[in-house]
**Student:** 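Let me begin by handing over the structure; questions about it come next.
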Amino acid sequence: MPCLDISTNVNLHGVDTDSLFSDLTKAVSQIVGKPENFVMILVKGSVALTFGGNKEPAALGEIVAMGGIDSEVKRKLIATIGSILENKLCIPRTRFVLKVFDTTMGRRSPKL
């Protein structure tokens with residue numbers, strides 16, 4: 001189950017969060033290759049957050065998934081989520097950082 005957790009210093013009051021959640025859910029589902037009903041999205045606004053020493057709009061995201069993450073998927077996630085945040089919350093893509101975790105990375109398959 002992919003879980004995307006976004007923290008931003010942008011105030012979400014007055015933001016169409018239903019549309020934001022829908023766009024993020026669809027993007028994660030399509031890129032990671034998991035059904036939408038398995039995708040969890042958390043968005044926290046008005047977080048005390050600075051980037052580059054200033055408080056202009058910025059966001060930090062973390063996505064955790066069990067499989068389906070490689071370098072191409074990471075690039076697509078960063079670009080797509082960054083575009084959604086830029087369009088919906090006016091956060092420049094250059095002020096968005098995404099940490100990506102695949103819980104299956106480094107696991108060895110059992111020897112048969």
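As the structure is a computational prediction, the values presented were derived from the model and not from experiment.
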**Student:** Sorted by first residue and then second, give each side-chain hydrogen bond (donor to acceptor under 3.5 Å, both in side chains) pair with at least one member in residues 20-38; sequence neighbours left out.
**Tutor:**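 Found Asp23-Lys88.
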**Student:** Go through the structure and list residues passing side-chain contact (heavy atoms from CB on, under 4.5 Å) with Lys55, not counting sequence neighbours.
**Tutor:**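 Scan of Lys55 (side-chain contact (heavy atoms from CB on, under 4.5 Å), adjacent residues dropped) gives Thr50.
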**Student:** Which residues pass the side-chain contact (heavy atoms from CB on, under 4.5 Å) test with Asn11, not counting sequence neighbours?
**Tutor:**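 Partners of Asn11 under the side-chain contact (heavy atoms from CB on, under 4.5 Å) test: His13, Ser46.
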**Student:** Verify the cluster assignment for Leu60 and Ile78: are they in a single hydrophobic cluster under the rule of side-chain heavy atoms below 4.5 Å apart?
**Tutor:**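 In one cluster with Leu60: Ile78, no.
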**Student:** Any chance you could measure Leu85, atom CG, to Ile6, atom CD1, to the nearest 0.5 Å?
**Tutor:**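 The distance works out to 4.5 Å.
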**Student:** Any side-chain heavy-atom pair from Leu89 and Val15 closer than 4.5 angstrom?
**Tutor:**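 Yes. Closest side-chain heavy atoms under 4.5 Å.
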**Student:** Nearest heavy-atom pair of Leu49 and Ala59: which atoms, and what distance?
**Tutor:**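 Nearest pair, atom of Leu49 first, then Ala59: CD2-N, 4.4 Å.
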**Student:** Kindly give the cluster partners of Phe101, where membership spreads through any ILVMFWY side chain lying under 4.5 Å from a current member.
**Tutor:**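 Once heavy-atom contacts under 4.5 Å are chained together, Phe101 belongs with Val64.
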**Student:** Any donor and acceptor pair, going by atom type alone, linking the side chain of Asp102 with main-chain N or O of Gly67 inside 3.5 Å?
**Tutor:**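 Yes; at least one donor-acceptor contact below 3.5 Å.
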**Student:** Can you tell me if Thr8 uses its side chain to pair, donor with acceptor, with the backbone of Ala58 under 3.5 Å?
**Tutor:**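 Between the backbone of Ala58 and the side chain of Thr8 there is a qualifying donor-acceptor contact (under 3.5 Å).
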**Student:** Starting at CD1 of Ile63, measure out to SG of Cys3 and round the result to the nearest 0.5 Å.
**Tutor:**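 Answer for the CD1-SG pair, Ile63 versus Cys3, is 8.0 Å.
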**Student:** Measure the spacing between CG of Asp70 and CZ of Arg75 and express it to the nearest 0.5 Å.
**Tutor:**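 So the gap between those two atoms works out to 8.0 Å.
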**Student:** From Leu77 CG over to Ile69 CD1, what is the distance, rounded to the nearest 0.5 angstrom?
**Tutor:**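 The CD1 atom of Ile69 is 5.5 Å from CG of Leu77, to the nearest 0.5 Å.
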**Student:** Would you give me the side-chain donor-acceptor pairs under 3.5 Å for residues 91-98, sequence neighbours excluded?
**Tutor:**
unit_1, atom_1, unit_2, atom_2, d
Arg93, NH1, Ser83, OG, 3.3
Arg95, NE, Pro57, O, 2.8
Arg95, NH1, Phe51, O, 3.1
Arg95, NH1, Asn54, OD1, 3.4
Arg95, NH2, Phe51, O, 3.3
Arg95, NH2, Asn54, OD1, 2.9
Arg95, NH2, Glu56, O, 2.9

**Student:** Look up atom CG in Leu4 and atom CD1 in Ile41, then write down how far apart they are to the nearest 0.5 Å.
**Tutor:**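 Rounded to the nearest 0.5 Å, the CG-CD1 separation comes to 4.5 Å.
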**Student:** What's the spacing between Ile84 CD1 and Phe21 CZ if we round to 0.5 Å?
**Tutor:**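 Atom-to-atom, Ile84:CD1 and Phe21:CZ are 12.5 Å apart.
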**Student:** In this structure, would Leu42 and Met1 fall into the same cluster of hydrophobic residues linked by side-chain contacts under 4.5 Å?
**Tutor:**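 In one cluster with Leu42: Met1, yes.
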**Student:** Under the side chain to side chain donor-acceptor pair (under 3.5 Å) test, which residues partner Asp5, sequence neighbours left out?
**Tutor:**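 For Asp5 the side chain to side chain donor-acceptor pair (under 3.5 Å) partners, ignoring immediate neighbours, are Lys44.
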**Student:** Find out whether Val43 and Leu24 are in side-chain contact, i.e. whether some heavy atom of one side chain is under 4.5 Å from a heavy atom of the other.
**Tutor:**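 A side-chain contact exists here, since the closest heavy-atom pair is under 4.5 Å.
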**Student:** Given the rule that I, L, V, M, F, W and Y join up when any side-chain heavy atoms are under 4.5 Å apart, are Val100 and Met66 in one cluster?
**Tutor:**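 Not linked; separate clusters.
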